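Here's the structure we're looking at; comments come further down.
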Amino acid sequence: MSPVPTNEDLRTEGWPPPAVDPEIREAHDRAWPVSKILTWSVVALVGGVAWVMLALVRGESVNAIWFVFAALATYAIAYRFYATYIEDTLTRPDDRRATPAEYAADGKDFVRTDRRVLFGHHFAAIAGAGPLVGPILAAQMGYLPSTLWIIVGVILAGAVQDYLVLFFSMRRGGRSIGQMAKDELGTVGGAAALVATLTIMLIIVAILALVVVNSLGDSPWGVFSVGMTIPIALVMGVYMRFLRPGHVGEVSAIGVVLLLLAIVAGGWINANPALASMFHLSRGTLAWAVIVYGFVAAVLPVWILLTPRDYLSTFMKIGTIALLAVGIVVVRPEIHTPAFTELAFRADGPVFSGPLFPFLFVTIACGALSGFHATIASGTTPKLLEKERQAKMVGYAGMLAESFVAVMALVCAVSIDRGLYFAMNSSPAVTQGTVEGAAAFVNNLGLVGVHTTPDALAATAQAVGESSVVSRTGGAPTMAIGLAHIMHQFLGGSGLMGFWYHFAIMFEALFILTSVDAGTRVARFMLQDALGNVWPKFGDLDWTLGKWLCTAVMVAGWGSILLLGVHDPLGGINTFFPLFGIANQLLAAIALAVCLAIAAHMGRRRSLWIIAAPLAFVSAVTITGSFYKIFSSVPAIGYWAQHRAFKDALAAGKTQLGTAKTPEAMEAVVRNTFVQGSLSILFVVLAIVVIVIAVIRTLQALRAASRVDTEDPYVASRVFAPAGFVATPPEKELEREWEAFYEEHPDIALAHRTGH
């Protein structure tokens with residue numbers, strides 16, 4: 001038999017083929033009946049009209065439905081045509097080849113997982129604070145630059161990175177991005193990539209946690225509702241493992257009902273002064289609670305907390321975003337924010353400082369491109385794929401889904417009153433934390449059409465059941481206000497503004513906490529792998545002491561940065577988020593650089609531009625952004641400029657400077673900017689080392705015109721599964737053949753379904 005068995009070879013042995021015959025599949029894909037032509041023509045027409053309305057038509061307002069139509073139509077076209085082009089020319093998947101989930105199945109880490117379930121797992125793991133926070137902060141520059149980068153960026157960069165890292169890791173036994181860097185770039189490049197990945201993970205997880213803390217601080221309703229998701233997840237975990245294994249529908253219904261009850265009960269708690277005081281926690285207290293939670297969640301078995309909450313949060317994430325999209329189409333809110341605001345052409349924005357290039361791109365971060373995703377796409381997900389062709393659906397489409405979350409967050413930000421937007425997203429130091437101070441600050445910005453009053457800010461807080469909405473930085477409260485503004489017109493009326501606001505807060509906290517504990521667990525795995533090269537015992541992921549020690553190290557790292565952000569006088573999210581964005585994008589540049597070297601070693605000369613183009617752009621953006629933060633002489637932009645300004649002021653005996661009103665606050669700025677500046681230098685140096693080595697290895701591969709094979713050996717597959725969400729007619733026909741085969745061979749059916 002040949003190394004690659006044909007379908008006829010397998011049928012001769014009595015087995016159905018593991019994949020549709022390539023000729024049959026290609027003939028089906030190439031067929032363009034009239035119905036298919038009409039469908040894609042309508043999609044293209046709707047998308048074109050939507051883009052014209054957003055980009056070219058100018059008036060006093062634009063309708064929010066065009067954001068929905070432009071995004072969905074563009075995603076559909078990109079997935080059908082561009083992702084397929086990448087699949088055909090660069091990755092060239094072969095479903096006759098077994099994936100690690102099949103040939104290395106162990107029932108623990110390597111498990112064949114239904115593609116739809118895996119899509120939900122992957123989406124839950126990658127979707128964190130970035131798509132919620134970044135677009136909201138970037139909205140100060142207007143809706144158009146953010147919309148363009150979120151949608152075009154994800155198609156050409158973010159989804160490409162996620163898909164390629166997932167595919168290349170799957171072909172290499174599920175290896176991490178750091179291990180792949182070592183294999184492709186050598187010891188120096190691999191070491192730089194590993195150190196960069198570990199340190200960047202600290203800042204990423206810290207900012208994720210900071211968003212949660214800012215959204216729940218001084219909010220009894222939010223603290224109670226989100227806190228209740230932990231015991232709910234524990235109940236679901238025990239239910240699925242011991243009480244009713246396999247009854248997913250039952251536990252889903254129980255989880256959703258309990259979630260809704262938690263939100264309603266939170267309103268009752270908030271209305272009772274005695275109970276409300278118990279859950280009225282400061283940001284500092286909440287920070288320590290999140291730190292403890294992160295440690296416990298990362299060391300507990302995955303089935304008891306992470307898995308059920310990931311599953312539950314997937315329902316919440318996808319369901320809420322879909323419901324919001326429907327609400328936008330029904331309510332059709334008018335957007336009064338200009339396509340480009342005055343702040344798009346200035347560098348002194350009140351929400352974040354810096355010019356549009358590069359800071360808009362690094363601020364939006366995960367909504368268009370996220371290096372954090374590379375750790376997930378080379379972590380758990382490649383060990384669970386049933387078939388190679390499913391990587392496009394999970395990796396590319398999963399990132400498109402996250403981008404749509406970013407579009408919805410942007411709509412929420414630009415649909416509310418602009419005065420309210422700036423009052424919520426400016427630091428407490430400039431608003432003084434009061435409605436009067438916020439109104440005065442906003443009205444003195446000198447922006448056309450931006451005005452608010454203390455009464456308007458107080459009325460908004462009262463409508464959503466909060467004591468204040470002033471300086472609720474971090475993006476999550478702004479999205480919650482925007483969602484409540486849209487959804488109360490769609491369902492429930494003004495009386496449900498508070499419900500929808502806190503529903504959104506819980507949705508966002510679930511969104512982000514999933515990434516906090518998943519990120520901590522992945523970082524612990526990476527640290528154990530790294531230490532395992534020196535002390536092999538750490539390479540055993542089941543070693544309890546090693547697991548606890550490595551988790552403690554990583555939690556201490558991101559927890560320290562979280563506490564700095566919580567107590568930052570300049571507004572933690574306002575000053576730390578640019579570092580988050582830059583670090584995250586530098587990690588994406590590292591991942592794309594590794595993918596470039598892999599593709600060159602595979603001999604994909606004509607397809608390298610697919611990787612080289614986004615790598616060149618993101619490298620320019622992030623290195624430029626890093627240089628701004630390191631070398632800028634403007635204190636509002638450069639970390640070291642801030643550091644020197646506050647340090648010199650303290651040395652001169654001053655007791656306040658700018659937004660720091662006490663010597664202690666000034667010392668905090670000096671400390672924070674030193675940490676931020678040092679990390680900026682470390683991140684950019686490591687990223688440049690990896691990128692340069694990757695380019696050198698790529699050029700060497702092109703000159704040699706030879707293939708360096710780091711893939712696992714070929715193993716013939718003995719299972720079948722469709723490639724997309726819905727099986728094609730040829731796949732349905734083969735499914736029926738496999739069902740008949742399983743009926744004749746129940747022992748094989750049992751083995752395949754249990755993963756053994």
Side-chain angles (χ1 to χ4, degrees), residues 137 196 199-200 202-204 206-207 209-210 213-214 283-284 287 346-355 358-359 362-363 425-433 437 441 471 473-474 556-583 586 622-688:
L137 301 183
T199 52
I200 288 173
L202 296 180
I203 190 68
I204 289 175
I207 299 304
L210 182 58
V213 170
N214 282 350
R283 287 171 173 80
R346 289 162 44 182
D348 60 344
V351 178
F352 69 92
S353 299
F359 287 103
V362 298
T363 299
N425 289 284
S426 299
S427 72
V430 297
T431 65
Q432 302 173 25
F441 172 75
S471 294
T473 58
W558 65 255
S560 300
I561 298 172
L562 168 62
L563 292 171
L564 290 178
V566 167
H567 299 293
D568 181 26
L570 302 181
I573 200 69
N574 305 67
T575 55
F576 274 85
F577 199 83
L579 178 60
F580 165 87
I582 291 172
L586 284 171
T622 51
I623 293 174
T624 302
S626 296
F627 282 14
Y628 265 109
K629 302 306 287 186
I630 295 169
F631 298 113
S632 176
S633 60
V634 180
I637 298 175
Y639 287 136
W640 293 110
Q642 282 183 343
H643 179 79
R644 288 189 295 270
F646 280 85
K647 190 174 182 180
D648 292 346
L650 283 170
K654 293 184 178 180
T655 58
Q656 63 178 1
L657 180 64
T659 57
K661 302 301 183 183
T662 65
E664 292 77 17
M666 295 170 67
E667 291 170 357
V669 174
V670 171
R671 181 174 61 250
N672 291 0
T673 50
F674 176 81
V675 172
Q676 293 161 332
S678 300
L679 289 175
S680 293
I681 295 172
L682 176 66
F683 294 160
V684 74
V685 169
L686 291 173
I688 290 174

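What you see is a predicted model, and the numbers here were worked out from it, not measured in a lab. This chain uses plain numbering: 1 for the first residue, then up along the sequence.
Contact of the I203 side chain with the W558 side chain is not registered, since no non-hydrogen atoms from C-beta on lie closer than 4.5 Å. In this structure, the side chains of F674 and Y639 stay at 4.5 Å or more apart for every pair of heavy atoms. Side-chain contact between L586 and S626 is present, with heavy atoms from C-beta onward closer than 4.5 Å. Taking the side chain as every heavy atom from C-beta outward, I637 and F359 approach each other to under 4.5 Å. For the pair L137/N425, a side-chain contact is recorded, criterion being any heavy-atom separation below 4.5 Å from C-beta on. Under the 4.5 Å side-chain criterion, counting only non-hydrogen atoms from C-beta, V669 is not in contact with L657. F352 places a side-chain heavy atom less than 4.5 Å from the side chain of T363.
Judged by distance alone, the side chain of N672 and the main-chain N or O of L564 form a donor-acceptor pair under 3.5 Å. Checked by atom type and distance alone, the side chain of S353 never pairs as donor or acceptor with a backbone atom of D348 at under 3.5 Å. S632 places no side-chain N or O within donor-acceptor distance of the main-chain N or O of K629, the cut-off being under 3.5 Å. A donor-acceptor pair under 3.5 Å is absent between the side-chain atoms of Q656 and the main chain of T662, judged by distance alone.
Separation of atoms CD (Q676) and CD1 (I630) is listed at 12.5 Å; rounding is to 0.5 Å. For the atom pair CG (L679) and CG (L202), the distance works out to 8.5 Å, reported to the nearest 0.5 Å. Distance CG/L563 to CZ/R283: 14.0 Å, rounded to 0.5 Å. A distance of 14.5 Å separates CD1 of I623 from OH of Y628, quoted to the nearest 0.5 Å.
The heavy-atom pair separating A347 from P355 by the smallest distance is CB-N, 3.9 Å. Of all heavy-atom pairs between T431 and S426, the closest is CG2-CB, 3.9 Å. Looking at every heavy atom in both residues, A649 comes nearest to M666 through CB-CE, 3.6 Å.
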Report the C-alpha distance between I681 and W640 in whole Å, list the side-chain angles of each, state the deciding distance to 0.1 Å, and finish with yes or no for side-chain contact (heavy atoms from CB on, under 4.5 Å).
CA-CA 11 Å; I681 295 172; W640 293 110; 3.7 Å; yes

Evaluation steps, side-chain contact (heavy atoms from CB on, under 4.5 Å), between F646 and T673
CA-CA 10 Å; F646 280 85; T673 50; over 6 Å; no

